[in-house]
Number of protein chains: 2
Amino acid sequence: MFPKKMHYGLRLLLTLSGLAEGNYLGVAEVAERENISLKFLEAIAVALRKGHIVNVRRGAGGGYQLAKPLKEISLYEIVLLLDEKLDKTIATDGSNTEKAVGRFLLSVRNDYGRLLRRVTLEKLHNYFTEENESIMYYI
Amino acid sequence: MFPKKMHYGLRLLLTLSGLAEGNYLGVAEVAERENISLKFLEAIAVALRKGHIVNVRRGAGGGYQLAKPLKEISLYEIVLLLDEKLDKTIATDGSNTEKAVGRFLLSVRNDYGRLLRRVTLEKLHNYFTEENESIMYYI
DNA sequence: TATTATCCTACCATTTTAGTAGTATTAATA
DNA sequence: TATTAATACTACTAAAATGGTAGGATAATA
């Protein structure tokens with residue numbers, strides 16, 4: 001349902017969320033830690049930066065950091081930046097059946113958009129800490 | 001957001017909904033009326049039949065009819081049959097970030113599924129009758 | 001049995017997705 | 001200021017998905 005860009009992008013943001021305030025982390029390190037193609041992840045990071053989800057510091061010692069806390073980032077923003085599908089137009093002209101189908105599907109897409117806007121990456125972080133806690137039991 | 005298969009399939013169902021009880025309509029006629037590629041629409045009709053959305057009568061004088069009223073057909077069923085994307089698995093294993101992202105996206109997909117289940121094709125039909133009424137004003 | 005219509009298999013072109021390569025640009029730091 | 005470490009950009013490629021086509025097999029009816 002979601003392209004790899006989405007999965008990778010979310011893993012990048014999750015990794016960045018563990019960063020101390022004011023610090024930056026390079027994509028090369030994230031790509032290695034997360035076993036994601038460096039070049040592919042670079043492109044994702046650029047997209048997230050253009051969408052003001054992350055800040056960048058170029059040059060040596062640079063990298064990315066979250067531009068705002070996870071709970072202020074909605075999944076909607078991420079999908080718009082990394083999924084493309086959502087913003088391509090649905091025709092609401094043509095024959096009567098075409099118009100009806102177009103408007104019908106548009107209303108569904110709007111509902112879906114509302115759903116995505118209500119979900120923030122704080123929830124993602126909750127899943128993440130659950131995972132880490134479940135490891136604790138083995139220690 | 002939705003592939004043409006979805007648009008075409010919905011237009012087919014909308015056309016069939018105008019059929020008198022017990023009657024069948026061939027895809028060739030629908031394809032012509034709706035300006036949709038015959039062969040493509042044939043494949044869509046077969047998929048809808050396999051999903052028990054339409055009944056078929058083969059041979060001369062045959063064609064398709066709705067298997068149940070529009071208000072008993074949820075968009076979820078149609079998406080499952082014509083969109084594919086929804087049923088491909090989301091991995092919830094691997095590293096902790098992979099698990100977290102997998103479960104997170106899975107929960108979103110479940111919410112989306114619930115949304116689709118609540119939408120029936122009755123709503124589509126409402127959009128359609130609205131279109132037809134708006135034409136009345138010109139007469 | 002001739003006709004009409006669905007059904008099935010295989011194929012093809014275009015677009016999207018995922019990934020790679022090389023190089024230009026920027027900024028810290030030695 | 002030269003070196004180095006990092007992002008940014010452009011172009012390319014392989015594989016998969018999407019949209020569509022062709023031909024014939026199958027089934028049912030008139």
Side-chain angles (χ1 to χ4, degrees), chain A residues 1-9 11-12 16 19 22-65 67 79 81-91, chain B residues 1-12 16 19 22-65 67 79 81-89 91:
Chain A
M1 166 144 191
F2 297 103
K4 292 215 166 162
K5 264 191 183 180
M6 282 285 297
H7 288 254
Y8 293 167
R11 284 163 70 192
L12 169 62
L16 293 181
L19 221 53
N23 282 13
Y24 291 84
L25 184 61
V27 277
E29 192 171 331
V30 179
E32 191 174 67
R33 262 156 58 171
E34 295 287 327
N35 261 292
I36 298 172
S37 148
L38 169 60
K39 287 301 198 172
F40 198 41
L41 194 57
E42 272 185 359
I44 292 167
V46 169
L48 292 173
R49 189 217 63 199
K50 287 179 178 166
H52 310 288
I53 306 295
V54 296
N55 297 324
V56 69
R57 200 166 72 173
R58 296 184 67 173
Y64 296 93
Q65 68 180 187
V79 168
L81 293 171
L82 302 181
D83 195 345
E84 354 276 357
K85 282 190 283 291
L86 205 63
D87 49 358
K88 57 175 155 181
T89 58
I90 295 177
Chain B
M1 167 144 190
F2 297 103
K4 290 214 166 164
K5 264 191 184 178
M6 282 285 297
H7 288 254
Y8 292 168
L10 291 173
R11 284 163 70 191
L12 170 62
L16 293 181
L19 222 53
N23 282 14
Y24 292 83
L25 185 62
V27 276
E29 193 170 331
V30 179
E32 192 174 68
R33 263 157 54 172
E34 294 289 326
N35 261 292
I36 299 172
S37 147
L38 169 61
K39 286 300 198 173
F40 198 41
L41 193 58
E42 272 184 1
I44 291 167
V46 170
L48 291 174
R49 188 218 65 199
K50 287 181 178 165
H52 310 288
I53 306 295
V54 296
N55 297 325
V56 69
R57 200 165 72 173
R58 296 185 66 171
Y64 295 94
Q65 68 181 187
V79 168
L81 294 171
L82 303 181
D83 195 347
E84 354 274 357
K85 283 189 284 291
L86 206 63
D87 48 358
K88 57 175 154 180
T89 57

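We name chains A, B, ... by the order of the sequence lines, and we start the count at 1 in each one.
Across dT6(C), dT7(D), dT23(C), the shortest atom-to-atom separation from the side chain of Lys39(A) is found for dT23(C). When distances are taken from the side chain of Arg57(A) to each of dA28(C), dT6(C), dT7(D), the shortest belongs to dA28(C). Closest to the side chain of Phe40(A), from the set dA8(D), dA18(C), dC7(C), is dA18(C).
When side chains are defined from C-beta on, Phe2(B) does not count as touching Lys85(A), because their heavy atoms never get closer than 4.5 Å. Proximity of Leu48(B) to Leu82(B): side-chain heavy atoms (C-beta onward) are separated by under 4.5 Å at one or more points. In this structure, the side chains of Asp83(B) and Pro3(B) come closer than 4.5 Å at one or more pairs of heavy atoms.
Side-chain N/O atoms of Tyr64(A) include one lying less than 4.0 angstrom from OP1 or OP2 on dA8(D). At dT20(C), one or more side-chain N or O atoms of Ser37(A) fall inside 4.0 Å of OP1 or OP2 (strictly under the cut-off).
Ranked by how close their nearest DNA chain D nucleotide is to the 5' end, Lys50(A) and Gly59(A) are led by Gly59(A). Nearest-nucleotide assignment on DNA chain D puts the 5′-proximal partner with Gly63(A), out of Gly63(A) and Ala60(B). Annotation: of the two residues near DNA chain C, Lys4(A) and Gly61(A), the 5′-most nearest-nucleotide partner is Lys4(A).
If you take CG of Leu38(A) and P of dT20(C), they are 10 Å apart, rounded to a whole angstrom. A straight line from CG of Leu41(A) to P of dT20(C) spans 12 Å, rounded to a whole angstrom. Summarising the geometry, the separation between NZ on Lys85(B) and P on dG19(D) is reported as 8 Å, rounded to the nearest angstrom. In this structure, Glu84(A) places its CD atom 9 Å from C1' of dT17(C), rounding to the nearest Å. What separates OH of Tyr8(A) from C1' of dT20(C) is a distance of 14 Å, to the nearest Å. The CG-C1' distance, from Asp87(B) to dA17(D), rounds to 14 Å in whole Å. Rounded to a whole Å, the OH atom of Tyr24(B) is 17 Å from the P atom of dA27(D). Atom CG in Leu48(A) sits roughly 15 Å away from atom C1' in dA8(D) (whole-Å rounding).
Between Arg33(A) and Glu29(A) there is a salt bridge, since a side-chain N of the basic residue sits under 4.0 Å from a carboxylate O of the acidic one.
A donor-acceptor pair is defined here as one N or O able to donate and one able to accept, closer than 3.5 Å; no such pair exists between the side chain of Gln65(B) and the backbone of Asn55(B).
Contact of Arg58(A) with dT25(C) (side chain to base): a donor-acceptor pair of N or O atoms is detected under 3.5 Å.
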